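Written below as structure tokens is the structure these notes are about.
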Amino acid sequence: MEDFKIHNTLTGNKEVFKPIKAESVTMYVCGPTVYGEPHLGHARPAITFDILFRYLKFLGYKVRYVRNITDVGHLLNDADEGGDKIGEKAKALQLEPMEVAHFYTKKYHESMYKLNVDNPSIEPTASGHMIEQIEMIKKIIDNGFAYEVNGSVYFDVVKYNETNNYGILSRRKIEDLMDNSRELDGQSDKKNPVDFALWKKASPEHIMRWPSPWGNGFPGWHLECSTMSCKYLGEEFDIHGGGMDLVFPHHEAEIAQCCAANKKQAAKYWMHNNMITISGQKMGKSLGNFITLDEFFNGTHDKLEQAYHPMVIRFFLLQAHYRSTIDFSNDALQAAEKGLIRLFNAIKTLNDLSPKDKSTIDISSFKSKCDEAMNDDLNTPIVLSYLFDMVKIINSTKEGKHDLSGEDIEQFQKIFDKYAITIFGLCNSEEDNNASDLDGLMSLILEIRDQSKENKDWATADKIRDGLNNLNIEIKDTKDGATWSYKK
RNA sequence: GGUCGGAUGGCCGAGUGGCUAGGCAGUGGUCUGCAAAACCAUCUACACCGGUUCGAAUCCGGUUCCGACCUCCA
């Protein structure tokens, strides 16, 4: 089999993927911070790494995929001045902070389900791993890379950098980082501005807090990922993923923590998905283009001209490579919607094609071309372009311009099944409801309408069509008879 | 301001030196009681200015614009 190559941020190159253990793959992806409604920014990494997860499984690996839930202390998206947002929200609503976290965790899961994102193998929470986090801090202190000040513990980046490379992932130099740190307000406890918190003392009004050897407080935000990846995947594992915005400082700090505690660099491959813009702008509350996933699914946002099915969002994301930025707009999404429908119509058409003795067109290269694109750092847009080339062949075959043998039809079915369904997870929305109950009824109605048409009783035929239309059922007359479907 | 990445046809979006990416829209056809849909064919490109090369969207330099990160905090 051909080599599967992935882009490794650590080296800046595409590398052949070779797991530490030949048969199994361990991967960790930074999950959501559950302080608010899931939005588009959550969809991209979830879907990117879902594709990777599915592909690795398809390749025959036993995959353990850990994606965390961060439910400890939070920050709102932009134009907000930090602070513990779960705590603040909880106070405002008179809720226990965990009620807030749990509410949004549930929302996140619902959205992921709609997007057909497979569940990770383990989905640990930061709050459920306080003991492990405290133990890791102790270990880092014991190894001399952290210090305690006034009930908080900080990672000593300068000391660490003497024997390690802080900046190995983000290619930053510590001197530049020192230079760039603006003059700090004097009350910082940190020895150096580049140091980061492993444990923060909780101020009296801070309601999310846990006991520790250093007093009541809460863990620093980089720590949970190091702790939980280590607990479930080991000190060394295969892939660590997340958004590009996390490269620095989050993932850089993770590497530092793991090296400081275990002398191991955690992941072998670091993969990062690029960001999303909306009509060319970044998404932000202050710009009025902050759109939640529910709003996409329901079409309930001023900027949206219509609702978009979760599969349209998923398909749209796959039309771009994961390391490119992607721009959302109504035009682009509507184009994606039509393309997706075309793809699925062709899959249906393929299943109805009557096989001929011999094919009049050579389709033998499609499988390897698709595989090659997928193996080239998950180039989903190229795979899709080949699938659409196949769509064209299927449609022309239906029109009688080509013949396809039974073998070739089966080959096409296999490719669509592998890519469209198994790996890309683009399930056909029309098939997931209980339409079968209605089938008999609808075929009876359409039969009556066909008879009216034969009798040139257009009034009755149109009445049926218009009446069903008002019931949200669309009738289309095709060469092979009328079809019906729910309107989107 | 610093570091890094990007700028492709009406809209998205692949593509790293010569060969049609693909989707949507547009245009022309086919089908059709009407409507809608569907199908086929097909046009428009590589931000700007220089340079390297037989040849550049692709390499090099500069310019403009855009994005991410650079901070307490996830």
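Just so it is clear, the structure is predicted and the values come from calculations on it, not from any experiment. Reminder, nothing fancy here: chain letters follow the sequence lines and each chain counts from 1. When reading the values below, keep in mind they use all heavy atoms of this one structure, side chains included, and skip hydrogens, waters and symmetry mates.
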Salt bridge D176(A)-K173(A), side-chain N to carboxylate O under 4.0 Å: no
C1' gap between C54(B) and U42(B), integer Å: 33 Å
Is there a Watson-Crick or G-U wobble partner for C19(B) with both distances under 3.5 Å, and which nucleotide is it? none
Closest approach to the side chain of R172(A), judged atom by atom: which nucleotide of G23(B), U3(B), C34(B) is it? U3(B)
Mind checking whether W270(A) and H240(A) have parallel, tilted or perpendicular rings, split at 30° and 60°? parallel
Measure from the side-chain heavy atoms of P381(A) and tell me the nearest of C39(B), A21(B), C11(B). A21(B)
Between C39(B) (P) and L343(A) (CG): distance, integer Å: 11 Å
Checking contacts here: which listed nucleotide (C70(B), A74(B), A38(B)) is nearest the side-chain heavy atoms of F248(A)? C70(B)
Going by ring centres under 5.5 Å and near-parallel planes (under 30°), is Y386(A) stacked on G22(B)? no
Measuring from the side chain of R465(A) (C-beta onward, heavy atoms only), which nucleotide among C11(B), A35(B), G22(B) has the closest atom? A35(B)
Between K338(A) and A25(B), does any side-chain N or O lie under 4.0 Å from OP1 or OP2? yes
From the list G33(B), G22(B), C39(B), which nucleotide is the closest neighbour of the side chain of W458(A)? G33(B)
Under the side chain to side chain contact (heavy atoms under 4.5 Å, CB included) test against Y419(A), which residue among D371(A), T380(A), L318(A) passes? D371(A)
Do D352(A) and K398(A) sit within salt-bridge range, that is, some charged N less than 4.0 Å from a carboxylate O? no
Counting any heavy atom closer than 4.0 Å, what does N379(A) reach on the DNA or RNA strands: base, sugar-phosphate only, or nothing? sugar-phosphate
I need the C30(A) SG to W221(A) CH2 distance, nearest 0.5 Å. 8.0 Å
Regarding E224(A), tell me which of base, sugar-phosphate or nothing describes its non-hydrogen contacts under 4.0 Å with the strands shown. sugar-phosphate
For U27(B) versus G9(B), give the span between their C1' atoms, rounded off to a whole number of Å. 15 Å
Base, sugar-phosphate alone, or nothing: which one does A332(A) contact when heavy atoms must sit under 4.0 Å apart? sugar-phosphate
At 4.0 Å (heavy atoms only), tell me whether K401(A) reaches a base, stays on the sugar-phosphate, or touches nothing. sugar-phosphate
Classify R323(A) by what it touches in the nucleic acid, base, sugar-phosphate, or nothing, heavy-atom distance under 4.0 Å. nothing
In whole Å, I'd like the distance from the CG atom of D331(A) to the C1' atom of G10(B). 9 Å
Separation of atom CG in L317(A) from atom P in A14(B), rounded to whole Å: 11 Å
Once you apply a heavy-atom cut-off of 4.0 Å, does L340(A) come out as touching a base, just sugar-phosphate, or nothing? nothing
Decide yes or no, distance alone: a donor-acceptor N/O pair under 3.5 angstrom between the base of G33(B) and the side-chain of D462(A). yes
Checking base pairs now: Watson-Crick or wobble, both atom distances under 3.5 Å. What partners U30(B)? A38(B)
Give D195(A) one of three labels, base, sugar-phosphate or nothing, depending on what nucleic acid heavy atoms sit under 4.0 Å from its own. sugar-phosphate
Given the ring of F248(A), does R172(A) sit roughly above its face, with NZ or CZ under 6.0 Å from the centre of the six-membered ring and within 45° of the axis? yes
Can you figure out which of G33(B), G13(B), A21(B) approaches the side chain of D327(A) most closely? G13(B)
I'd like the C1' distance from C46(B) over to C34(B), given in whole Å. 45 Å
What integer distance in Å separates E254(A):CD from A74(B):P? 13 Å
Which residue, H222(A) or F315(A), contacts RNA chain B at a nucleotide closer to its 5' end, judged by nearest heavy atom? F315(A)
For RNA chain B, whose closest nucleotide is more 5', that of W221(A) or that of I382(A)? I382(A)
Could you tell me whether the phosphate oxygens of U3(B), OP1 or OP2, come under 4.0 Å of any side-chain nitrogen or oxygen in K173(A)? no
Between G22(B) (C1') and L318(A) (CG): distance, integer Å: 14 Å
Integer-rounded Å distance: U32(B) P and K456(A) NZ: 12 Å
Between K398(A) (NZ) and U30(B) (P), how many Å, whole number? 18 Å
What nucleotide, of A68(B), G23(B), A74(B), holds the atom closest to the side chain of A335(A)? G23(B)
Selection from C39(B), G13(B), C11(B) that lies nearest to any side-chain heavy atom of A320(A): G13(B)
Between F155(A) and F196(A), how do the two ring planes meet: parallel, tilted or perpendicular, split at 30° and 60°? parallel
Rounded to whole Å, please give me the gap between CD1 in I393(A) and P in C39(B). 15 Å
In Watson-Crick or G-U wobble terms, with both distances under 3.5 Å, the base opposite U3(B) is A68(B)
Using atom P in both nucleotides, what's the gap between A36(B) and G26(B) to the nearest angstrom? 13 Å
A126(A) near the nucleic acid: base, sugar-phosphate alone, or nothing, with a heavy-atom cut-off under 4.0 Å? nothing
Measuring only the P atom in each nucleotide, how far is C39(B) from C24(B)? A whole number of Å is fine. 8 Å
Could you label the plane-to-plane angle of the H42(A) and Y108(A) rings as parallel, tilted or perpendicular, counting under 30° as parallel and over 60° as perpendicular? perpendicular
Is R449(A) touching bases, backbone alone, or none of the nucleic acid, heavy atoms closer than 4.0 Å? base
I want to verify a distance call: between G13(B), G22(B), A37(B), whose nearest atom is closest to the K476(A) side chain? A37(B)
For F328(A), which contact category applies under a 4.0 Å heavy-atom criterion: base, sugar-phosphate, or nothing? nothing
Salt bridge (charged side-chain N to carboxylate O under 4.0 Å, His left out): pairs with one or both residues in residues 302-324 of chain A, sequence neighbours excluded: D50(A)-R314(A), R323(A)-D377(A)
Euclidean distance for C1', G15(B) against C49(B) (whole angstrom): 24 Å
Do the side-chain N and O atoms of T11(A) and E15(A) include a donor-acceptor pair separated by under 3.5 angstrom? yes
Which nucleotide in A25(B), C40(B), C73(B) has an atom nearest any side-chain atom of K200(A): C73(B)
Considering only the C1' atoms, how many Å lie between U44(B) and G2(B), rounded to the nearest integer? 41 Å
For C4(B), does OP1 or OP2 lie under 4.0 Å from any side-chain N or O of S170(A)? no
Less than 4.0 angstrom between a side-chain N/O of N395(A) and OP1 or OP2 of C40(B), yes or no? yes
Within the pair R342(A) and C39(B), is there a side-chain N or O less than 4.0 Å away from OP1 or OP2? yes
Using atom P in both nucleotides, what's the gap between U63(B) and G22(B) to the nearest angstrom? 37 Å
